[in-house]
2 protein chains.
Amino acid sequence: MNELAGKIQIDLRSSEPIYLQIVRQIEQLVAAGSLKQGDQLPTVRELATALRINFNTVARAYRLLDEERLISTQRGRGTYIWEMPTPEIQERLRAHGLEEAARSYLAAALRLGFSPAEAAAALSRVMAGGGGHDAPADHFESF
Amino acid sequence: MNELAGKIQIDLRSSEPIYLQIVRQIEQLVAAGSLKQGDQLPTVRELATALRINFNTVARAYRLLDEERLISTQRGRGTYIWEMPTPEIQERLRAHGLEEAARSYLAAALRLGFSPAEAAAALSRVMAGGGGHDAPADHFESF
DNA sequence: GTTGTGATTGTATAATTGTATTATTGTCGT
DNA sequence: ACGACAATAATACAATTATACAATCACAAC
């Protein structure tokens with residue numbers, strides 16, 4: 001259990017919503033080096049109890065921080081400060097990341113016994129269909 | 001120690017649960033012929049240690065695969081590939097694996113800030129260049 | 001051969017984690 | 001007052017983990 005709760009002060013009378021107060025203060029703690037990569041944050045329920053608020057409010061703050069890639073929330077495991085790549089690495093990742101991902105995808109397709117043309121066709125199908133994020137991955141039911 | 005662990009990559013930040021990531025990837029490895037009938041899988045604790053997760057999560061994946069009759073888990077003995085899927089199932093697994101890989105690639109490209117068209121173009125370049133290496137597992141070590 | 005002990009295997013149950021959905025509350029504009 | 005909308009809370013849920021357990025094996029002692 002983390003003494004982070006003691007470092008966060010919320011003002012219930014403030015016009016700033018509680019969940020934004022939490023977001024802002026955690027951002028500041030990370031910027032100040034008070035929270036480092038890999039540090040585990042208190043659970044939503046721990047922090048909520050310490051701050052005497054509902055844990056869903058903490059969860060909302062954590063969700064925002066997760067979306068901005070500052071933390072990583074993992075159901076059943078907890079929430080952690082996420083490794084923020086340095087700007088140079090970030091740029092290098094973007095520069096080379098796409099090609100590497102493409103190579104990796106092609107290799108996977110070949111391992112599965114498909115031709116490069118089939119790999120490209122599959123990509124087109126996915127682009128046309130549900131373009132966005134990772135799919136529910138419906139694995140087949142036994143029969 | 002089975003080197004299967006090295007072939008399985010999990011993304012703790014993915015919305016896809018860890019146990020389903022394991023299920024899917026083992027299905028793909030079987031479909032691709034990387035795992036054959038009678039092969040012993042790593043124990044739940046071995047694989048869990050290698051992936052830095054709890055062994056119950058691996059056990060849950062194995063249980064699903066066991067219910068699919070793809071593997072056979074035996075208390076006190078270990079886990080083995082039970083039967084090669086029927087050609088129809090195998091083809092279905094292959095197709096599913098390809099779609100999943102394409103979706104994953106597209107998601108990675110979008111995450112890097114590229115458009116779907118750029119993703120497709122990058123794939124074409126890699127196909128033309130005859131990409132030598134399979135680039136394994138860039139990201140996602142801890143947390 | 002049998003038995004016993006310890007190590008290693010998967011299993012079962014419950015506790016802990018974040019998530020999704022819905023209801024309640026509060027505030028502001030009209 | 002009223003209605004709309006954001007913030008918060010209540011409830012149920014899903015994923016992961018912790019803990020204890022049962023089956024199997026290896027191997028030594030008898």
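The chains referred to below are lettered A, B, ... by the order of the sequence lines, with proteins before strands, and numbering in each begins at 1. This is a predicted model, so every value here is computed, not measured. In what follows, every heavy atom counts, from backbone to side chain, and hydrogens, waters and symmetry copies are set aside.
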Side chain of B/Thr57 only, heavy atoms from C-beta on: which candidate in D/dA7, D/dA9, D/dT16 is closest?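 Among D/dA7, D/dA9, D/dT16, the one nearest the side chain of B/Thr57 is D/dT16.
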
How long is the straight-line distance from NZ of B/Lys7 back to CD1 of B/Ile26, given to the nearest 0.5 Å?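 Between B/Ile26 CD1 and B/Lys7 NZ, I get 11.5 Å after rounding to 0.5 Å.
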
Taking atom CG of A/Leu65 and atom OG of A/Ser72, what is their separation to the nearest 0.5 Å?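 Reported to 0.5 Å precision, the distance equals 11.5 Å.
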
Can you measure [X] atom [atom1] to [N] atom [atom2] for me and round it to whole angstrom units?
X: B/Leu51; N: D/dA15; atom1: CG; atom2: C1'; result: 16 Å
X: A/Gln40; N: D/dT16; atom1: CD; atom2: C1'; result: 13 Å
X: A/Ile53; N: D/dA10; atom1: CD1; atom2: C1'; result: 15 Å
X: A/Glu16; N: D/dT8; atom1: CD; atom2: C1'; result: 15 Å
X: A/Asn54; N: D/dT11; atom1: CG; atom2: P; result: 10 Å
X: B/Gln74; N: D/dA22; atom1: CD; atom2: C1'; result: 15 Å

Reading DNA chain C from 5' to 3', where do the contacts with chain A start and stop? Cut-off is 4.0 Å to heavy atoms.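 Contacts span C/dT17 to C/dA20, reading 5' to 3'.
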
For a quick test of reading the model: is some side-chain N or O of B/Asn56 closer than 4.0 Å to OP1 or OP2 of D/dA18?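 For D/dA18, neither OP1 nor OP2 has a side-chain N or O of B/Asn56 closer than 4.0 Å.
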
Check this for me: does any side-chain nitrogen of one of A/Arg24 and A/Glu27 sit under 4.0 Å from a carboxylate oxygen of the other?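 Salt bridge flag = no for A/Glu27 with A/Arg24.
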
Checking [X] side chain against [Y] main chain: does a donor-acceptor pair fall under 3.5 Å?
X: A/Gln25; Y: A/Gln9; answer: yes
X: B/Tyr80; Y: B/Gln74; answer: no
X: B/Gln37; Y: B/Trp82; answer: yes

Heavy-atom pair with the smallest gap, counting every atom of [X] and [Y]:
X: A/Gly78; Y: A/Gln40; value: CA-NE2, 4.0 Å
X: B/Arg94; Y: A/Phe114; value: O-CE1, 3.3 Å
X: B/Leu110; Y: B/Pro116; value: CD2-CD, 3.8 Å

Using five pairs at either end of the helix from C/dG1-D/dC30 to C/dT30-D/dA1, determine the angle between the two local helix axes and round it to 10 degrees.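 The end axes of the helix from C/dG1-D/dC30 to C/dT30-D/dA1 are about 10° apart, to the nearest 10°.
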
Both A/Thr43 and A/Arg63 contact DNA chain C. Taking the nearest nucleotide for each, which residue is further toward the 5' end?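 Nearest-nucleotide comparison on DNA chain C picks A/Thr43.
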
When you match B/Arg60 and B/Arg45 each to their closest nucleotide on DNA chain D, which lands nearer the 5' end?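 Taking each residue's closest nucleotide, the earlier one in sequence belongs to B/Arg60.
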
Touch check for B/Tyr19, heavy atoms < 4.0 angstrom, all strands: base, sugar-phosphate only, or nothing?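 Here B/Tyr19 touches the backbone only, sparing every base.
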
